[in-house]
Every structure is written in structure tokens, then in C-alpha cells.
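Only one structure is covered here, and it is reproduced in the block below.
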Amino acid sequence: MTQSTEKRLLASGCLAAFGLALTVLFAGAGEAKAADLAPVPEVQIVPAAPDWTGFYVGGHMGLADAFTHYDYSTLFSGALNNHTRIGRINGAAPGGYAGFNYQFGAIVLGVEGDATFTNGAFRLNGASIDFLQTSNLISTVSGRAGLVVTPDTMVYGRVGYSRIQLAGVQGFGGPGSNFHHTVPGTQTGLGIEHLITNNFALRIEGTYTKSDSDLVLNQGFDHYRPSFFQVTVGLAFKLDPLPHSTALPVISWANPFISPDPRWTSIYGGGLLGIGAGQVSRYDKIFGLMGPYSDLRFAKGFLAGGDIQLLHYFVVGAAVDTIWTNSTFDDDVGAGLNPVVHRFAHIDRVSAVTGRLGFLVSPTILLYGKVGPAEIRFVPEQAYFAAINPSVKTSGHDFSAIQGGLGMETLIADHVALRIEGLYTRANHSVVIDGLQPAQTTLQPSTMTGALGLVVKY
């Protein structure tokens with residue numbers, strides 16, 4: 001083979017290799033271009049499950065009933081009754097709270113501290129005569145345990161130790177008669193809490209705080225044992241304390257009994273259990289303003305109604321309900337000495353027809369208000385007023401009244417809901433009763449109720 005022939009063969013081999021390289025290159029580019037034009041699979045991002053673990057701080061506002069047992073010294077037990085109950089339903093209960101939760105599946109355990117300004121009043125015959133006058137503050141440290149009924153909604157109970165600050169005058173208001181005392185107490189509560197977002201929680205709860213010891217004034221002559229019943233609405237900001245991936249793992253729980261998009265349009269019926277606070281404002285022509293007298297009792301009742309869901313986020317409806325309270329009211333001195341009759345009135349029940357308007361803060365949680373006409377079954381005691389004036393005849397009155405309330409309702413299944421609500425009912429007029437003078441006594445009742453309700457929807 002000549003040298004020229006070898007050169008031609010070498011050049012042909014190089015051209016062949018170069019052509020093969022170009023073919024591979026263009027083929028790869030074509031495949032890449034085709035891959036660019038192919039549809040890209042969608043990646044679905046699943047939102048993180050709501051998590052209750054974390055620190056939180058918040059504030060609340062609500063309605064409160066301040067109530068105290070009042071006992072005279074037993075020195076006068078032969079002539080005077082040693083016992084009565086006085087207090088006032090108060091229109092405001094502002095305060096704040098902070099705590100920590102830890103979630104274990106469907107269980108949430110935690111600890112919480114809170115303080116509430118009560119502004120309660122305790123008077124029999126006015127500031128110039130009475131000794132104990134006001135309650136100022138309730139502070140509590142409590143443990144709480146909750147059940148997660150949906151991933152973002154919890155029903156909880158709590159119990160804890162309280163300190164109750166009381167103020168007033170001793171003696172007859174002379175120099176140095178003002179006092180401030182703190183007595184220990186025990187608080188129990190029940191509530192519904194909902195995570196609006198993973199960092200904001202809305203709640204409605206009812207609490208009952210009872211003093212564990214008496215406030216003793218005037219060298220043991222006067223004994224007071226106060227109690228407080230409150231229904232409050234709270235909003236808290238929650239902080240995650242540590243990264244979940246390293247310290248506090250997310251342990252979520254889903255309710256299998258609720259569909260993804262439940263409907264609130266329904267008719268329903270159910271029962272109520274709770275606490276009823278009754279109050280009677282009393283004016284006497286001879287003795288002036290007396291009380292208010294008050295009482296706290298276990299309450300039970302039923303309700304029935306219907307709802308329509310509108311524009312996805314709103315629920316409107318109407319309901320009828322009746323709550324039995326059996327609140328009783330006693331005069332500390334009584335009417336007459338032989339025999340001494342102390343009970344001057346009682347409240348049997350409260351019935352109402354109310355409309356309600358609610359907003360769905362989530363598909364399973366309804367925050368609502370309600371208002372409507374009501375009746376208070378109020379009975380002045382014949383034996384008491386006849387002891388003052390035998391010619392007086394009394395009977396029970398169905399007082400026309402107005403009722404308003406606020407509540408939170410959560411679905412625990414597609415056709416079963418749990419609610420907590422606070423109600424205030426005030427009579428529209430008073431009853432006037434003759435005594436030693438014509439129209440001597442004027443009485444006007446009102447009630448406050450905090451209730452837990454269970455309803456079945458159809």
C-alpha cells in the first residue's frame with residue numbers, strides 16, 4: 001500500500017467517526033427537546049396536619065356571676081337566720097391566659113395560668129352598712145386535658161388552684177376600715193377550642209370558681225364564702241417551642257365520622273346540661289335597695305330547631321329551648337319571728353324562642369350569636385309575704401323577657417354536634433307586692449346560664 005492510499009483511508013476513518021459523533025449529538029438533542037415538550041407530572045403538596053403542641057398566650061372577655069354565701073355570727077341564731085346568698089350577674093369578665101400543650105394522638109395535655117378581673121358586688125343594704133363589697137381578681141394555675149374531635153378542634157376540661165382577691169369595708173366605714181384580702185379557691189372548667197390557623201386558637205369556655213375557706217370579718221361576726229361562674233370567649237396566639245423534626249414530632253388524628261365537606265342545613269333536637277345563675281333585684285320602700293340576691297344551681301334542659309347554610313360560610317336558624325334552674329332566694333332576717341320564713345322567691349325555668357346567626361370558621365366549627373323573646377317562670381313565696389301582710393296573695397308569674405347568647409358548636413360526626421353556649425335572660429318588667437305599705441316590694445328576676453349541649457341533626 002502506498003503512502004497516499006494510507007492517508008486517504010485515515011481521512012475516511014476520521015470523517016466516519018466525526019459523522020457518528022454528530023449523529024449521536026443530534027439524536028441526544030432531539031431526545032432532550034422531546035423530553036422538554038412532554039407534560040411534567042404535577043406534584044401535590046399535602047398541608048401539614050394541625051398540631052396542638054406549643055406555648056400560647058391570649059386574652060378573653062365574657063359574662064360573670066359573682067355569688068357568696070353570707071353567714072351571721074351564731075350568737076344571734078335564736079332570732080336571725082344565719083344564712084343568705086347575695087351577688088350580682090356582671091356584664092364583663094376581661095382577662096388573659098398563657099400555657100403549654102402537648103399532643104398525643106387524639107389527646108392533648110397541658111398546663112395554663114390565667115387571670116380574670118371580676119368586678120363582682122356583694123351587698124345586702126348598701127355600701128354604708130355592708131362589709132364585703134367587691135371582688136377584684138381571680139388568678140388560677142390549672143392543668144387541662146383535651147380530646148381532639150377533629151384535627152383542628154378540641155373539647156377540653158381543666159381544674160386548678162385559684163386565688164380570689166376581695167375588697168370592702170369592716171365595721172361602719174370608719175378610719176382604717178378598708179380591707180383587701182385574698183382567699184384560696186378551686187376552679188373547674190369546660191370548653192371548646194379551635195385552631196383557626198396553626199398559630200391562632202379560638203375558644204369558648206365556662207368556669208366555676210369556689211372559695212375553699214371563709215372570709216371572716218368583724219371579729220368573726222360575718223362570714224363570706226364567694227363563688228364565681230363565668231362564660232368567656234378567648235383568642236390565643238400559639239408558638240411552636242422546638243423544631244418538630246428533632247424534638248416534638250407531629251402526631252395527628254383525623255375524625256373518620258365526618259365527611260370532607262359537611263353540610264349544616266338540618267333540623268335538630270338535643271339536651272343541655274350546665275349551671276344556672278339566678279338573680280333577683282329587690283327594692284323595698286322601707287329598707288331601700290336590697291341585694292341583689294343570687295343563687296347558683298345545676299341546670300338541665302332541651303332544645304330543638306333548624307338551620308340553613310348560606311353562601312358556604314354562614315348559618316342562619318331558629319330554635320326553642322327550655323332550661324330548668326330551680327334558683328331560690330332567701331331573706332337573711334326573714335318575715336316575722338314565729339315562725340320565721342326566709343324564702344321569698346324562686347325561679348323555676350327559662351324558656352326562649354331565638355334566632356341565631358353563625359359563621360363557619362372551618363367546615364366543622366360554627367361560632368354563633370342568638371337573641372329572641374323569652375319567659376322566666378318566677379314565683380314570689382306566699383308564706384313569706386303573708387307573714388308581712390296576711391291579706392297579700394302571690395302566685396307564679398311567667399315574666400316576658402329577652403334572651404341573648406353566644407356559643408360555639410362543633411361537629412363530632414356528620415349528624416351529631418357538641419356545643420357550649422352562654423345565655424343571659426332579663427325580665428322586661430317587675431312584680432310589685434303589697435306589704436306594710438302599698439306596693440312596698442318590687443322584684444325583678446334575671447338569669448345567666450352556661451350549658452353544654454349535644455344535638456342530633458337530620
Check your understanding: When you look at Asp321 and Lys370, which way does the salt bridge (charged side-chain N to carboxylate O under 4.0 Å, His left out) test go after all the steps?
Key -> CA-CA 12 Å; Asp321 61 74; Lys370 57 189 294 188; 3.6 Å; yes
Review point. Knowing that exactly one of Leu418, Ile365, Ile420 qualifies, which makes a side chain to side chain contact (heavy atoms under 4.5 Å, CB included) with Met408?
Key: Ile365
Exercise for review: Could I get the full list of ring pair (Phe, Tyr, Trp, His ring centres under 6.0 Å) partners for His397, not counting sequence neighbours?
Suggested key: Phe399
Check your understanding: When the ring planes of Phe100 and Phe55 are compared, do they come out parallel, tilted or perpendicular, using 30° and 60° as the limits?
Key -> tilted
Check your understanding: Any side-chain donor paired with an acceptor under 3.5 Å for Asp222 and Tyr70?
Key -> yes
Practice item. Verify the distance criterion only: is there a donor paired with an acceptor across the side chains of Arg225 and Ser213 at less than 3.5 Å? Key: no
Review point. side-chain hydrogen bond (donor to acceptor under 3.5 Å, both in side chains) between Thr328 and Arg85: does it pass, once the steps are laid out?
Key: CA-CA 9 Å; Thr328 60; Arg85 298 174 303 280; 3.0 Å; yes
Review point. For Arg349 and Glu375, what are the C-alpha separation, side-chain angles and deciding distance, and is it a salt bridge (charged side-chain N to carboxylate O under 4.0 Å, His left out)?
Key: CA-CA 8 Å; Arg349 67 178 184 272; Glu375 279 189 349; 5.6 Å; no
Exercise for review: Any chance you could lay out the side-chain hydrogen bond (donor to acceptor under 3.5 Å, both in side chains) test for His60 and Thr116, step after step, and finish with the verdict?
Suggested key: CA-CA 8 Å; His60 63 236; Thr116 302; 3.0 Å; yes
**Study point:** Exceeds 12 heavy-atom contacts within 6.0 angstrom, atom CG of Leu310
**Key:** yes
Check your understanding: Please walk me through it: do Thr394 and Gln382 pass side-chain hydrogen bond (donor to acceptor under 3.5 Å, both in side chains)?
Key -> CA-CA 5 Å; Thr394 65; Gln382 170 65 24; 3.2 Å; yes
Review point. When the ring planes of Phe344 and Tyr384 are compared, do they come out parallel, tilted or perpendicular, using 30° and 60° as the limits?
Key: tilted
**Study point:** Distance flag, aromatic centroids of Phe237 and Tyr56, threshold under 6.0 Å
**Key:** no
Check your understanding: Can you check whether Val361 reaches His194 side chain to side chain, under 4.5 Å on heavy atoms?
Key -> yes
Exercise for review: Quick one: sort the His69 and Phe67 rings into parallel, tilted or perpendicular, breaks at 30° and 60°.
Suggested key: perpendicular
Exercise for review: Look at Arg356 together with Asp307 and state whether they make a salt bridge at an N to O cut-off of under 4.0 Å.
Suggested key: yes
Practice item. State, yes or no, whether a side-chain contact exists between Ile376 and Ile347 at a heavy-atom distance under 4.5 Å. Key: yes
Review point. Is the count of non-hydrogen atoms from other residues, nucleotides or ligands lying under 6.0 Å from Phe117 atom CZ greater than 12?
Key: no
Study note, to complete from the structure: Here the ring pair (Phe, Tyr, Trp, His ring centres under 6.0 Å) pairs for residues 137-166, sequence neighbours left out, are none
Check your understanding: Tell me the salt bridge (charged side-chain N to carboxylate O under 4.0 Å, His left out) pairs involving residues 145-154, sequence neighbours left out?
Key -> none
Check your understanding: What's the verdict on side-chain hydrogen bond (donor to acceptor under 3.5 Å, both in side chains) for Gln165 and His180, showing C-alpha distance, side-chain angles and the deciding distance?
Key -> CA-CA 7 Å; Gln165 294 183 13; His180 292 83; over 6 Å; no
Practice item. Before giving the answer on ring pair (Phe, Tyr, Trp, His ring centres under 6.0 Å), spell out for Phe359 and Phe314 the whole-Å C-alpha distance, their side-chain angles and the decisive distance to 0.1 Å. Key: CA-CA 5 Å; Phe359 177 75; Phe314 296 95; 5.6 Å; yes
